[in-house]
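A short worksheet on the structure shown next.
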Amino acid sequence: AQRVTQPEKLLSVFKGAPVELKCNYSYSGSPELFWYVQYSRQRLQLLLRHISRESIKGFTADLNKGETSFHLKKPFAQEEDSAMYYCALLNAGGTSYGKLTFGQGTILTVHP
Amino acid sequence: DAGVIQSPRHEVTEMGQEVTLRCKPISGHNSLFWYRQTMMRGLELLIYFNNNVPIDDSGMPEDRFSAKMPNASFSTLKIQPSEPRDSAVYFCASSAKRERLGEQFFGPGTRLTVL
């Protein structure tokens, strides 16, 4: 069965400090992973997907198959980064094709 | 485009009452998902539909929960009878299966409080 683990429920950093939100997964196939973000009073939305290898709002995430991890990183955190972040794993085959499995989420707070 | 539409946005009810949550997915999307969000358990998938057909309902907590999708533009999640432990935010999301698989568009959620 596929699983996504975000070990930190809460993460606090100061503005300008580096931030890393951890995500580990278990999946028997070739994984496709995503980070979703929910800002205060906004809808949950896609932040980035590993397959795009893009940087969004200064965030990057690298898939490490050896460590089965997909950590989200930003070198200099900003106050507007404060939000709930979810890591998600796509089921790209079988009867549950298209299903996302989400981690439990990490609440990031960036202090001024 | 208003995106995914959910109603009501807030619902306060008493234990034992029936609750119906509604969702209108983005036009043209053929997958629809119902999630529940709580502080303790995070975001849990309850059920999802492909082309109006339920595919995976393994996340539905128990028989008190049921979901329907009578057509491509409407879905309901019903709780009968409701219990205080059902209090949560319920999200509906939709996605276009063949395009950008894994990118789901979420509604604003329904905050349910069962007293």
Side-chain angles (χ1 to χ4, degrees), chain A residues 1-10 21-23 25 27 29-52 54 56 61 63 70 83-108, chain B residues 1-7 9-10 23-26 29-60 69 88-111:
Chain A
Q2 59 192 68
R3 172 177 280 186
V4 177
T5 303
Q6 292 179 249
E8 302 143 326
K9 210 161 182 65
L10 300 170
L21 292 90
K22 290 183 168 49
C23 172
Y25 67 90
Y27 186 57
S30 182
E32 284 192 55
L33 287 137
F34 304 78
W35 278 98
Y36 277 76
V37 62
Q38 186 177 22
Y39 300 104
S40 179
R41 295 187 178 84
Q42 293 189 28
R43 302 182 183 208
L44 187 62
Q45 59 188 287
L46 178 65
L47 179 62
L48 56 79
R49 50 197 299 160
H50 94 268
I51 204 167
S52 299
E54 56 197 348
I56 303 294
L63 177 61
F70 187 56
M84 168 77 92
Y85 291 82
Y86 286 101
C87 182
L89 171 65
L90 175 69
N91 187 325
T95 56
S96 295
Y97 179 75
K99 170 183 173 179
L100 282 175
T101 298
F102 285 85
Q104 289 192 298
T106 298
I107 299 173
L108 172 66
Chain B
D1 184 4
V4 175
I5 299 172
Q6 290 186 249
S7 64
R9 295 291 307 276
H10 301 272
C23 175
K24 177 177 167 48
I26 292 173
H29 284 191
N30 54 9
S31 294
L32 183 139
F33 307 82
W34 281 102
Y35 293 92
R36 180 171 65 178
Q37 182 187 48
T38 61
M39 283 299 295
M40 291 296 295
R41 302 171 70 99
L43 195 63
E44 302 173 279
L45 177 67
L46 300 176
I47 185 171
Y48 82 98
F49 297 83
N50 275 347
N51 296 316
N52 312 340
V53 176
I55 300 300
D56 184 345
D57 65 353
S58 59
M60 296 286 262
M69 191 165 186
V89 181
Y90 290 81
F91 289 102
C92 176
S94 68
S95 70
K97 185 176 177 180
R98 296 189 186 281
E99 305 160 14
R100 299 179 66 82
L101 190 66
E103 182 173 7
Q104 296 183 8
F105 294 82
F106 283 76
T110 295
R111 183 174 295 277

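Values in this document were obtained by computation on a predicted structure and should not be read as measured data. By convention in this document, chain letters (A, B, ...) are assigned in the order of the sequence lines, proteins followed by strands, and residues within each chain are numbered from 1. What's counted below: heavy atoms across the whole structure, side chains too, no hydrogens, waters or symmetry copies.
- To the nearest 0.5 Å, atoms CG (A:Leu46) and OG (B:Ser95) are separated by 11.5 Å.
- Of the atoms belonging to A:Gln38, it is side-chain heavy atoms, and not backbone ones, that fall under 4.5 Å from chain B.
- Comparing B:Gly42, B:Ser58, B:Pro108 by heavy-atom pairs within less than 4.5 Å of chain A, the highest count is held by B:Pro108.
- In this structure, chain B has no heavy atom under 4.5 Å from any part of A:Leu33.
- Atom-to-atom distance recorded for A:Gln104:CD and B:Gln37:CD is 12.0 Å, nearest 0.5 angstrom.
- Looking at B:Met39, both its backbone and its side chain come within 4.5 Å of chain A, counting heavy atoms on both sides.
- Between the side chain of A:Arg43 and the backbone N or O of B:Gly3, no donor-acceptor pair lies under 3.5 Å.
- Only the side chain of B:Leu45 comes within less than 4.5 Å of a heavy atom of chain A; its backbone N, CA, C and O stay farther away.
- When atom types are taken as modelled, the side chain of A:Lys99 and the backbone of B:Phe33 share no donor-acceptor pair closer than 3.5 angstrom.
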Please assess B:Tyr35 against A:Leu100 for the test side-chain contact (heavy atoms from CB on, under 4.5 Å), listing each intermediate value before the final yes or no.
CA-CA 11 Å; B:Tyr35 293 92; A:Leu100 282 175; 4.1 Å; yes

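- Expressed to the nearest 0.5 Å, how far CD of B:Glu103 lies from CG of A:Leu90 amounts to 12.0 Å.
- Comparing A:Arg49, A:Met84, A:Gln6, A:Gln45 by heavy-atom pairs within less than 4.5 Å of chain B, the highest count is held by A:Arg49.
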